[in-house]
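To keep things clear, I will list the structure first and then write my remarks on it.
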Protein chains: 2
Amino acid sequence: MVRQREFDKEQALDEAMELFWKKGYEATSISDLTAAMGIQRPSLYAAFGGKEELFEAALRKYLNLHAARIRAKLHTNPSVKEAIRAFFGDLVEEGYRETPSKGCFCINTMVELAPHDEKFEILTREHEMYLAVIFQEAIRKGMKSGELAGSLDAKGLAQTLVVALIGLTVLLKSRPERSFADHSVGMVLSLLH
Amino acid sequence: MVRQREFDKEQALDEAMELFWKKGYEATSISDLTAAMGIQRPSLYAAFGGKEELFEAALRKYLNLHAARIRAKLHTNPSVKEAIRAFFGDLVEEGYRETPSKGCFCINTMVELAPHDEKFEILTREHEMYLAVIFQEAIRKGMKSGELAGSLDAKGLAQTLVVALIGLTVLLKSRPERSFADHSVGMVLSLLH
DNA sequence: AATAAAATATACCGATCAGTAAATTAAAAA
DNA sequence: TTTTTAATTTACTGATCGGTATATTTTATT
């Protein structure tokens, strides 16, 4: 009955995600996108609607992958303290290895679009709140196991870790001396003691 | 010998700074700028060179004002602890009052331009390092006066405050529940004890 | 008053922007 | 095999982009 799509929609969305992640919304043109996605212009509009709809789809995909990746990282190590330490260590490590530093697609969008578009304000806010919940779960787990003091404020601590995560991610884009990031990570982790 | 400029260059630069700060580099057009600055297009190019040069001039002006404002805020209160508490309190307060939240021009530039333009990577990095020095001076002052423990790591602590400042500023763009910001501020301030 | 230098205003440049109309091609259903 | 539906390709739209050529106006110097 119908001709079928010649490209893989998820794969094309992945390419769009990478490009929007790396360059942001305004600096990415439809021509950039079609080139990276390997499709023609009308195919993009037929499959994804338009630039903003495509951006939103790419961001939503990123948010899902991002949250899942963080949750997984926080549960690979039996020690919650070690897991969180490794998480921030890897964050810094990757920030210096990757060039240029794409940072976090969610954070990039909070800065570029959230202030002027309520849809992205909500989307990014809910993601950051969700990340706080993920950290909170890990902290509670450590408190239950006795690894962390039962007197800790799990929620406040988790929210503080998210603030530090955002701050570090943005700071790394300017490639400061390594000790700047390392000292900050150490200080933040000391809140777990 | 020559006709003199009919507009005030510093005043025009202020308008450009506000606009770039609010909208970022890519989303701000020359037409937006001339309208806000109240000048004609060729006057802009004659006085400032071009879009990127104007952006850099606006950013440099912001960085100077920003650093001076922070230094002043940290020295209005005889208690360093109270001064830092007030600083972060005001930051959160303003983040919720101002709509939309312009955030920090330096942070916006770190996210939008630093990863792809070494000039802005350096400019923003040096500003954040300078902010850390300003915080460090305040902390050392508190240590000398006996208000803060002499065992504190002033440098690391100052760098951590900068990371928290960045994280909070970005987070506020998504307008999270107030307690999110307040709890994080409280936790970070607890590092001063 | 004449001259020279720079700021102004109008109008324009080619390039690129996001988005689409029209024609062609492919493939499933009849 | 014919028909129908949608994906592809090519080419295009008007609008806007950053930047500038040209001509006019202003003002200090001669």
Side-chain angles (χ1 to χ4, degrees), chain A residues 1-60 105 108-109 112-113 116-117 119-120, chain B residues 1-61 105 108-109 112-113 116-120:
Chain A
M1 187 190 186
V2 300
R3 178 178 181 178
Q4 61 207 13
R5 197 180 280 119
E6 292 181 2
F7 63 94
D8 183 270
K9 194 173 174 181
E10 280 308 309
Q11 189 174 320
L13 183 56
D14 283 339
E15 296 296 336
M17 181 183 79
E18 288 288 329
L19 202 54
F20 276 131
W21 184 359
K22 183 165 60 185
K23 303 185 39 166
Y25 181 80
E26 292 289 346
T28 303
S29 71
I30 299 292
S31 297
D32 293 334
L33 289 164
T34 55
M37 299 163 82
I39 64 178
Q40 300 298 327
R41 192 170 281 248
S43 298
L44 186 154
Y45 283 89
F48 300 102
K51 189 183 178 183
E52 187 175 324
E53 293 95 319
L54 175 57
F55 182 89
E56 183 179 344
L59 178 59
R60 285 185 185 275
F105 192 8
N108 298 351
T109 303
E112 186 184 6
L113 301 182
H116 308 291
D117 189 321
K119 181 198 308 166
F120 294 111
Chain B
M1 187 188 187
V2 300
R3 180 178 179 179
Q4 62 208 13
R5 197 181 278 120
E6 291 181 3
F7 63 94
D8 184 88
K9 194 171 172 182
E10 280 308 310
Q11 189 174 320
L13 183 55
D14 282 340
E15 296 296 336
M17 180 183 80
E18 288 289 328
L19 202 56
F20 276 131
W21 185 359
K22 183 165 62 187
K23 303 185 38 167
Y25 182 81
E26 291 290 345
T28 302
S29 72
I30 299 290
S31 297
D32 293 334
L33 288 163
T34 55
M37 298 163 82
I39 64 178
Q40 299 298 326
R41 193 173 279 247
S43 299
L44 186 155
Y45 282 90
F48 299 102
K51 189 184 180 186
E52 187 174 323
E53 293 95 319
L54 175 57
F55 183 89
E56 184 179 341
L59 177 59
R60 285 185 185 275
K61 178 159 191 177
F105 190 8
N108 298 352
T109 303
E112 186 184 6
L113 302 182
H116 308 292
D117 189 322
E118 195 182 8
K119 181 197 308 165
F120 294 111

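Naming: A, B, ... by sequence-line order, numbering from 1 per chain.
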Round to a whole Å and report the spacing from [atom1] of [X] to [atom2] of [N].
X	N	atom1	atom2	result
B/Tyr45	C/dA9	OH	C1'	16 Å
B/Ile30	C/dC17	CD1	C1'	16 Å
B/Lys51	C/dT16	NZ	P	15 Å
B/Phe48	C/dA7	CZ	C1'	14 Å
B/Arg5	D/dT27	CZ	P	14 Å
A/Glu26	C/dT16	CD	C1'	14 Å
B/Leu33	D/dC17	CG	C1'	13 Å
A/Leu44	C/dG19	CG	C1'	10 Å

Sugar-phosphate, base or nothing in reach of A/Thr34, heavy atoms under 4.0 Å: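 The answer is nothing, as A/Thr34 stays clear of every strand by at least 4.0 Å.
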
Shortest side-chain distance from [X], nucleotide among [options]:
X	options	result
A/Phe7	C/dG19, D/dG18, D/dT8	D/dT8
B/Pro42	C/dA21, C/dA7, C/dT10	C/dT10
B/Gln4	D/dT8, C/dA11, D/dA28	D/dA28
B/Ser31	C/dA27, D/dT8, D/dC17	D/dC17
A/Ser29	C/dA26, C/dC17, D/dT20	C/dC17

Toward the 5' end of DNA chain D, by each residue's nearest nucleotide, B/Glu6 or B/Arg41: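 This one resolves to B/Arg41.
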
With A/Phe105, the ring-ring contact (aromatic ring centres under 6.0 Å, His included) member among A/Phe120, A/Phe55, A/Tyr25: A/Phe55

Polar pair under 3.5 Å, donor/acceptor by atom type, side chain A/Arg3, base D/dA7: yes

B/Arg5 charged N/C atom sitting above B/Phe7 aromatic ring, 6.0 Å / 45°: yes

Smallest separation among heavy atoms of B/Glu26 and B/Glu112, with atom names: N-OE2, 3.0 Å

Where A/Lys23 and A/Asp32 come nearest, the two heavy atoms and their spacing: NZ-OD2, 3.2 Å

B/Gln11 CD: over 12 foreign heavy atoms closer than 6.0 Å: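 Atom CD in B/Gln11 is not crowded, with 12 or fewer foreign heavy atoms closer than 6.0 Å.
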
Phosphate contact (D/dA7 OP1 or OP2) by A/Ser43 side-chain N/O below 4.0 Å: no

Short side-chain N/O contact from A/Gln40 to OP1 or OP2 of D/dT8, under 4.0 Å: no

